[in-house]
Amino acid sequence: LEVTRKRGYGVAEEEGEPGTAAIAAVIRRQHEPSAPVVGTVSIAGPVARLTAEKREQFAAYVLAAADELSAFWPAHLLGEYALPSARAAE
């Protein structure tokens, strides 16, 4: 778990189902490392295509998605539904 915490995402290789691999990152209620976890974002695929090298490359996208969703999460309480990237484009 310490390795997962340090890198910011989890990795599963043939844990849930033989022949599959996945990476996942948490979505937090607020955009802070200590905020409660409200969900996850992940990608999965065949081990043959989602190699360790590919997982490392895709991790940046998974982390970015989790980060953006964490920033967006409380917006539903305020009636603000635009994602941060959409607001920046305005």
Side-chain angles (χ1 to χ4, degrees):
L1 288 175
E2 188 60 33
V3 172
T4 298
R5 281 189 198 101
K6 284 183 181 180
R7 76 175 163 229
Y9 62 93
V11 175
E13 186 172 330
E14 299 193 277
E15 290 180 22
E17 189 169 327
T20 63
I23 58 174
V26 299
I27 300 166
R28 297 191 178 275
R29 179 169 293 181
Q30 296 170 338
H31 195 62
E32 298 175 13
S34 61
V37 173
V38 295
T40 61
V41 61
S42 66
I43 62 168
V47 172
R49 291 194 358 220
L50 196 55
T51 62
E53 295 80 21
K54 289 286 186 185
R55 289 193 300 268
E56 193 171 317
Q57 291 172 354
F58 284 123
Y61 295 107
V62 171
L63 287 168
D67 191 48
E68 189 164 342
L69 288 166
S70 293
F72 168 71
W73 187 261
H76 75 284
L77 300 174
L78 305 171
E80 300 173 9
Y81 291 99
L83 290 171
S85 60
R87 287 196 299 263
E90 293 176 348

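Index from 1, following the sequence. We use all heavy atoms of the structure for the numbers below, so side chains are in, but hydrogens, waters and symmetry mates are not. Here the structure is a predicted model, which means the values were calculated and not measured.
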Going only through I, L, V, M, F, W and Y residues with side-chain contacts under 4.5 Å, is there a path from V26 to I23? no
For G8 and A25, the nearest pair of non-hydrogen atoms, with its separation, is O-CB, 3.9 Å
Between R55 and E13, the two heavy atoms sitting closest are NH2-OE1, 2.8 Å
Of all heavy-atom pairs linking R28 and V37, the shortest is NH1-CG2, 3.4 Å
| Does the side chain of R5 come within less than 4.5 Å of E2's, by heavy atoms? | yes
Do F58 and L50 come close enough that some side-chain heavy atom pair is under 4.5 Å? yes
Flag yes if I43 and Y9 sit in one hydrophobic cluster, no otherwise; membership is Ile, Leu, Val, Met, Phe, Trp, Tyr, and two members link when side-chain heavy atoms are under 4.5 Å apart. yes
Closer than 3.5 angstrom, by distance alone: can the side chain of E14 be matched with the main-chain N or O of G19 as a donor-acceptor pair? yes
